[in-house]
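A short write-up of the structure that comes next.
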Amino acid sequence: MPSARQCPRRIWHLTSRPGAINPMRLSRYFLPVLKETPAEAQIVSHRLMLRAGMIRQASAGIYSWLPMGFKVLRKLENIVHEEQIRAGHNPMLMPTLQSADLWRESGRYEDYGDEMLRVTDRHGRDMLYGPTNEELITDIFRNSVTSYKQLPLTLYHIQWKFRDEVRPRFGVMRGREFFMKDGYNFDVDQPSAMHAYNRHMVSYLRTYERMGLKAIPMRADSGPIGGDDTHEFLVLADTGESEVFYDSAILDLKLGDREVDYDNWDQCAAIKQEWTTPYARTDETHDEAAFTKVPEARRMSSRGIEVGQIFYFGTKYSESMNANVVNAEGERVPVHMGSHGIGVSRLVGAIIEASHDDRGIIWPESVTPFDVGIVNLKQGDTAADEACETLYRALTAKGLEPLYDDRKERAGAKFATMDLIGLPWRITVGPRGLKNGIVELTSRKTGESQELKPEDAVARLVEIYAEI
RNA sequence: CGGGCUAUAGCGCAGUUUGGUAGCGCGUUCGUCUGGGGGACGAGAGGCCGCAGGUUCGAAUCCUGCUAGCCCGACCA
């Protein structure tokens, strides 16, 4: 995999200034952490997101994203954009509110039922808060693309969606309002549409890998979107909503550093083949007879959180909505389509479900809201204050984002806060260590500490993040 | 949408059975002592007890109706 630096880091991140970073002093940051667990939160990611001051519930299944939650959300969005662009897809933005007319044309205005939030504007026109965008994108496509020469084409956007769930729960894991990447490919025939399918599978695998997640593609049901070929990507976690069955061999697969040419049909097909060969199904498509052919020691079942799905659905929408192109033989044919989604807001919860301990969150380096926490053990002590300021400036100058806990709190409270919010690295600065010229660099994940000179701690962190 | 439950200070809760004018812990403010894993002591601030109506001399408490939220199920990214 090309390193993140080949694809500029944070191109979409919070500010339009390329490479801009925002380090922070905790005394000036809005981080309302809770010592006690709010009663409404049942699962660990929801509890930790509330306690770590990442989100606040606005109403059932609808959340405000506070600064630290927002920062993680933007980092995930950023990774998704980078990997989509790398795969050659076109970023764009469609509105949240859509006209009901397009949905009447596809027949889904009636089919979608109460999950669709319907509103009426002042002129009495039927509108809806989009739960997905097949109709809108097909309309855009059919008005501008008429020839196979303009294909293949993949358009995507990352936008808020709304599905009026009967029973929202689990915080952002199953909210009514959610932030999602959805993309749509348009191809002249079935074989090229299958390449688009395979290309998406590869880019999704890479996206999840960069987020520090093991997301397993599993053959799935097409559900209300309809279609022929579809895979869901699931992250294993006890709190997952789906029961999953898989060959443990699939856990060893890794894209790693391998070069991928997204225009190479054979290579994309081979990678898809590699990931879909070991048995992996959700309970909806589980086949007990096929499963028993997996060696018993490798036969696993557990729970999984769905964090993405890819579909090939052929001409389902292009036929009903007259999205046709002229092919090389001069015939007018309905375009072949697929759609692909990544639940970006849900991923925040899924990552926490997959990475936490009893003290709090443990962020993977690639998505952490801040790269490192600086804990000043004795605020007001001249040596400690100066050492922290120097570290803060040095890290920032190297392009890293520190969160400096400069509050007048006791050491225990500062450690507890750092553990709760889960920054992967912590530099502990106190008068005792400074007498010997050292600070402590601690891994949140392993708890291991090393005593280093301040400048060596900075160098070590630069090294760690260069690999992310 | 069926079944169960909850609503009292920023958060977690008690008080409701038996009606008498609101309390605890955490947080928060100020002070003193402390200072390497949520410290101690002292003094404060903070509530139309979800909303509306009713019963009563008097309602957080009893009655009626709403609203919001949570859990189990069905459904779903």
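Numbered from 1 within each chain, the chains take letters A, B, ... in sequence-line order.
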Less than 3.5 Å between a donor and an acceptor, one on the side chain of A/Arg426 and one on the base of B/G37, is that the case here?
yes
Closer than 4.0 Å, any side-chain N/O of A/Arg410 to the OP1 or OP2 of B/G38?
no
Are any of A/Gln57's side-chain N or O atoms less than 4.0 Å away from OP1 or OP2 of B/A68?
no
Check whether any side-chain nitrogen or oxygen of A/Arg167 sits under 4.0 Å from OP1 or OP2 of B/C72, and answer yes or no.
yes
Sequence neighbours excluded - salt bridge (Lys or Arg N to Asp or Glu O under 4.0 Å) pairs with any residue from residues 342-353 of chain A
A/Glu241-A/Arg346
Do A/Glu165 and A/Arg174 meet the salt-bridge criterion of a basic N to acidic O distance under 4.0 Å?
yes
Show me the donor-acceptor pairs within less than 3.5 Å that the side chains of residues 414-430 of chain A make with the rest of the protein, sequence neighbours left out.
residue, atom, partner, partner atom, Å
A/Lys414, NZ, A/Asn376, O, 2.7
A/Lys414, NZ, A/Gln379, OE1, 3.3
A/Lys414, NZ, A/Asp405, O, 3.1
A/Lys414, NZ, A/Arg407, O, 2.8
A/Thr417, OG1, A/Arg407, NH2, 3.4
A/Thr417, OG1, A/Ala413, O, 3.0
A/Asp419, OD2, A/Arg359, NE, 3.0
A/Trp425, NE1, A/Glu365, OE2, 2.8
A/Arg426, NE, A/Thr428, OG1, 3.1

Among B/C71, B/G36, B/G38, which is the nearest nucleotide to the side chain of A/Glu440?
B/G36
Output one line per pair: protein atom, nucleotide atom from nucleotides 3-7 of chain B, and distance, for all N/O pairs under 3.5 Å.
none

List for me each residue that meets salt bridge (Lys or Arg N to Asp or Glu O under 4.0 Å) alongside A/Glu288, sequence neighbours excluded, and say none if there are none.
none
Taking atom types as they are modelled, would you say the side chain of A/Arg176 forms a donor-acceptor pair with the base of B/C76 within the 3.5 Å cutoff?
no
Salt bridge (Lys or Arg N to Asp or Glu O under 4.0 Å) against A/Asp456, all qualifying residues, sequence neighbours excluded:
none
Donor-acceptor pairs are to be reported for all side-chain atoms of residues 52-64 of chain A against protein atoms at under 3.5 Å, with residues two or more places apart or in another chain.
residue, atom, partner, partner atom, Å
A/Gln57, OE1, A/Tyr63, OH, 3.4

Got a sec, which residues hit salt bridge (Lys or Arg N to Asp or Glu O under 4.0 Å) with A/Arg176, two or more places apart in sequence or on another chain?
A/Asp164
Students often get this wrong, so: under 4.0 angstrom with heavy atoms, is A/Gly433 touching a base, only sugar-phosphate, or nothing?
base
Going 5' to 3' through nucleotides 40-47 of chain B and flagging B where a protein heavy-atom sits under 4.0 Å of the base, S where only the sugar-phosphate is that close, and - otherwise, we get --------
Choosing from B/U28, B/G37, B/C75, which nucleotide comes nearest the side chain of A/Arg359?
B/G37
With sequence neighbours excluded, what pairs up with A/Glu110 under the side-chain hydrogen bond (donor to acceptor under 3.5 Å, both in side chains) test?
none
Applying a 4.0 Å non-hydrogen cut-off, can you work out what A/Gly430 is touching in the nucleic acid: base, sugar-phosphate, or nothing?
base
Show me the protein contacts with nucleotides 8-11 of chain B, counting only N or O atoms at under 3.5 Å.
residue, atom, partner, partner atom, Å
B/C11, O2, A/Glu36, OE1, 3.2

Checking all strands, does A/Gly113 fall into the base, sugar-phosphate, or nothing category for heavy-atom contacts under 4.0 angstrom?
nothing
Under the salt bridge (Lys or Arg N to Asp or Glu O under 4.0 Å) test, residues paired with A/Glu409 that sit two or more places apart
none
Partners of A/Phe141 by ring-ring contact (aromatic ring centres under 6.0 Å, His included), sequence neighbours excluded?
A/Phe186
From the candidates B/C71, B/G39, B/G37, the one with an atom nearest any side-chain atom of A/Lys35 is B/G39
